[in-house]
Peer 1: 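One structure, as structure tokens, below. Some questions next.
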Amino acid sequence: MNLFRCFAISFALSFAAACSSGPGTDFKVASPDGTLCVGIRAADSLTYTVTRHGTPVLLPSAIGLHFADGTVLGRGAKVTDARRETVERVVEAPFYRQARFTEHYNQLRLTFEGGYAVTFRVFDQGCAYRIETHLPGERTVAGEVAEFNFAGDPGLFAAYSDGLCNAYQSQYEKCRLSALGTEKPVLLPLAADCGAAGRVLVCEADLEAYPGMFLTPSAGGLRGLFAAVPDSCYLHERRCQEKVATRHDYIARVEGTRTYPWRILAVADEDRELPTNDLVYALAAENRIGDCSWVKPGKVAWEWWNDWGLTGVDFEPGINTRTYKAYIDFAADYGLEYVVLDEGWSDPKAGDVMSVVEQIDLPELVRYADAKGVGLMLWVVGNVLDAKLEEACSYYAGLGIRGFKVDFIDRDDQKAVELVYRLARVAAAHRLRFGPAAGDLRNDPVVVFRFFEHVGHIQQHVGIGERAPYETHHRLLQLIIRIEYPRRIGIDDLEIVAVDDPHNPVAGRLRLRRDNRQAFPDQRVHQGRFSHVRVPDDVDKS
């Protein structure tokens, strides 16, 4: 991340100045505009509260880490140092939904006996905290305490997971907190209507070498739930996807000195403000690849959408060179930057990313696409690519492939998160774009830039079209999901542009259904683009 302007006012507080109720027990930090306030109490347990516009959002909610050796961070919390800081800076944000934005927050960092600290940042747009540890050697994390004890009984929009391994494509459902189901974990982000305090989203950022967070009901509200580290896995016969068979009794093996993910409450007065909330981006890790001028955002023609179907052609459509040339022609004709070769270009049952089916002449397709100004992306199963990662990246980059659409990770335990970082790091070293498919990591850790591109693409929307009020679901995803998944890098906005042209061999088979036309009246199946910080007209206010 490049900073055009950065200034910070920082000062340390002695115990006497840090709080009025004794040596380091109660603290407060407010947003720059004063509307959002976080209160922290360090006593028998470490808890925090949140108010907005003077209205409670969270009642006392616990923070902590449990290690396998019995150490519990947050229990009997004793503050040894408190430091406050105010930061305002302009963040240059390439490939984000806007070129730059101002990050402005007040921060309180509390250091505790036992070698750990907790940092609280309060923005006008929300608040967040993260734990960091300064301990020797490696540690085994048995569990994390992350509570979200909402005041009252707010209305929620929640998406349930089918377990700790799933496609992360669930429909959002409306209910009260008191009626939230207990049988299935809840995915992030979760949206809450907190009345006079406004709209609140629970999400996270800077997830690395650690499991993603689910939510589950608890006595006081909600608490974090984390997948344990896999103990044994097996390969599914259909596409050699790695599946978890058994798990350990801990959620992570970590270095003793590290930071943990940010736990975020994003806030807004109105629903329409949620998609342009910048907290997840602002709290993510910095750019690790340096020069990013080679990353070219663009739209993708996607043959999976209509089963490789074509109309009015003199050959058999399917997974073959002539079909993909037709898709390349389509992309060139309609100004699409990329074509993705989805499942089938390499035999998925073989589990070898270096093999190509005989019906496809990949070097010829690259040559043909280059001549038309179109880039080719290859669909891959995450663990299959990982098995020959360096070899595959070196070969396909040399061939002229532009990147990978990585699919079927379907988990975000620590091993899965580490896998995505590893894939992105090696892909970036070979200047290959990299993006998980719609159902992979819901919190997309960022190696290539501040985030991985989370596609959030049409598969996640239209795929449930027969099972849900389609337009309502489309708009809910725009308002809720886009905080964590704004377009960012690589194969940005992996979309379908569905041009209603019966004379085009590709467009003629796109089969726009009636409900799709209602959801997308301009007849282009796409995700909303938020120009700078403006919400498109077709997103409902509520």
Side-chain angles (χ1 to χ4, degrees), residues 10 12-13 15 18 23-25 27 29 38 40-48 61-85 105 107-122 127-148 203-214 223-229 248-265 280 282-286 288 412-418 421 443 445-447:
S10 178
L13 298 177
F15 285 136
T25 58
F27 303 83
V29 57
V38 176
I40 303 101
R41 169 160 288 188
D44 292 339
S45 61
L46 177 62
T47 61
Y48 73 111
S61 302
I63 298 170
L65 274 182
H66 292 203
F67 291 118
D69 63 4
T71 302
V72 179
L73 306 186
R75 180 184 297 171
K78 295 183 179 180
V79 177
T80 61
D81 187 45
R83 294 180 181 269
R84 295 182 184 270
E85 186 176 16
Y105 60 85
Q107 176 174 294
L108 173 64
R109 184 179 185 275
L110 299 176
T111 303
F112 297 88
E113 286 185 1
Y116 70 101
V118 181
T119 298
F120 297 86
R121 288 184 184 175
V122 187
C127 57
Y129 75 84
R130 80 182 313 170
I131 299 170
E132 60 183 275
T133 55
H134 300 273
L135 302 169
E138 292 187 347
R139 297 287 169 139
T140 299
V141 182
E144 178 182 341
V145 178
E147 293 183 348
F148 303 89
C203 42
E204 63 180 356
D206 202 11
L207 174 68
E208 181 173 4
Y210 199 77
M213 184 171 69
F214 297 86
R223 61 179 174 84
L225 177 68
F226 304 87
V229 173
H248 292 288
D249 60 356
Y250 55 87
I251 65 171
R253 284 283 296 166
V254 300
E255 294 295 329
T257 298
R258 64 160 292 170
T259 57
Y260 290 80
W262 289 100
R263 308 294 172 218
I264 301 172
L265 291 181
V280 172
L283 292 165
E286 303 289 347
R288 297 182 186 178
D412 64 352
D413 53 58
Q414 183 186 24
K415 294 297 184 183
V417 171
E418 290 172 339
Y421 270 86
N443 295 294
V446 183
V447 169

Peer 1: Rounded to the nearest 0.5 Å, what's the gap from CD1 on Ile63 to CG on Leu73? Could you check?
Peer 2: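 Nearest 0.5 Å value for the CD1-CG distance: 12.0 Å.
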Peer 1: Which pair of non-hydrogen atoms, one from Ala285 and one from Asp206, has the smallest distance, and what is that distance?
Peer 2: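 That would be CB-OD1, 3.4 Å.
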Peer 1: Report the residues that fulfil salt bridge (charged side-chain N to carboxylate O under 4.0 Å, His left out) with Glu138, sequence neighbours left out, ordered by chain and then residue number.
Peer 2: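 Checked Glu138 against salt bridge (charged side-chain N to carboxylate O under 4.0 Å, His left out); matches are Arg253.
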Peer 1: Do Val229 and Lys415 come within less than 4.5 Å of each other through their side chains, counting heavy atoms only?
Peer 2: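 The answer is yes; the side chains approach within 4.5 Å.
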Peer 1: How close do Tyr116 and Ala77 get, counting heavy atoms only, and between which atoms?
Peer 2: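 Where Tyr116 meets Ala77 most closely, the heavy atoms are OH-CB, 3.8 Å.
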Peer 1: Applying side chain to side chain contact (heavy atoms under 4.5 Å, CB included), name anything that partners Ser61, two or more places apart in sequence or on another chain.
Peer 2: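 For Ser61 the side chain to side chain contact (heavy atoms under 4.5 Å, CB included) partners, ignoring immediate neighbours, are Tyr48, Leu58, Glu147, Asn149.
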Peer 1: How close do Ala82 and Leu110 get, heavy atom to heavy atom, and via which atoms?
Peer 2: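 Taking every non-hydrogen atom into account, CB-CD2, 3.6 Å.
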Peer 1: Quickly, which of Val38, Ile264, Val29 forms a side chain to side chain contact (heavy atoms under 4.5 Å, CB included) with Cys127? Name it, please.
Peer 2: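 For Cys127, the side chain to side chain contact (heavy atoms under 4.5 Å, CB included) test succeeds with only one of Val38, Ile264, Val29, which is Val38.
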Peer 1: Output all residues satisfying side chain to side chain contact (heavy atoms under 4.5 Å, CB included) with Ala252, sequence neighbours left out; order by chain, then residue number.
Peer 2: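 Partners of Ala252 under the side chain to side chain contact (heavy atoms under 4.5 Å, CB included) test: Val141, Tyr210, Pro211, Val254, Gln414.
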Peer 1: Nearest 0.5 Å, please: how far is CZ in Arg130 from OH in Tyr260?
Peer 2: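 So the gap between those two atoms works out to 11.0 Å.
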Peer 1: So how far is it from Tyr129 OH to Leu108 CG, rounded to the nearest 0.5 Å?
Peer 2: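 Tyr129 OH to Leu108 CG: 14.5 Å, rounded to 0.5 Å.
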Peer 1: Once salt bridge (charged side-chain N to carboxylate O under 4.0 Å, His left out) is applied, do any residues pair with Glu418, and if so which ones, sequence neighbours excluded?
Peer 2: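 Result, salt bridge (charged side-chain N to carboxylate O under 4.0 Å, His left out) vs Glu418: none returned.
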Peer 1: Rounded to the nearest 0.5 Å, what separates atom CZ in Phe112 from atom CG in Asp81?
Peer 2: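 Here the rounded value is 10.5 Å.
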Peer 1: Val417 and Glu208: which non-hydrogen atoms are nearest, and at how many Å?
Peer 2: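 Smallest heavy-atom distance, with atoms named: CG1-CA, 4.1 Å.
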Peer 1: Rounded to the nearest 0.5 Å, how far apart are CZ of Arg258 and CD1 of Ile131?
Peer 2: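 The distance works out to 10.5 Å.
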Peer 1: Is it true that Glu132 and Arg109 make a salt bridge, defined as a side-chain N closer than 4.0 Å to a carboxylate O?
Peer 2: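 Salt bridge between Glu132 and Arg109, a charged N being under 4.0 Å from a carboxylate O: yes.
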Peer 1: How long is the straight-line distance from CG of Leu65 back to OG1 of Thr133, given to the nearest 0.5 Å?
Peer 2: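 If we round to the nearest 0.5 Å, Thr133:OG1 and Leu65:CG are 7.5 Å apart.
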Peer 1: Hey, does Leu283 have a side-chain heavy atom less than 4.5 Å from the side chain of Tyr105?
Peer 2: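 They are not in side-chain contact.
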Peer 1: Under the salt bridge (charged side-chain N to carboxylate O under 4.0 Å, His left out) test, which residues partner Arg139, sequence neighbours left out?
Peer 2: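 Testing Arg139 for salt bridge (charged side-chain N to carboxylate O under 4.0 Å, His left out), a comparison that skips the adjacent residues, returns Asp69.
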Peer 1: Do Trp262 and Val280 come within less than 4.5 Å of each other through their side chains, counting heavy atoms only?
Peer 2: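 Sidechains of Val280 and Trp262: no contact.
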Peer 1: Taking only residues two or more places apart in sequence or in another chain, which ones pass salt bridge (charged side-chain N to carboxylate O under 4.0 Å, His left out) with Arg263?
Peer 2: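 Listed in chain order: Glu144, Glu204.
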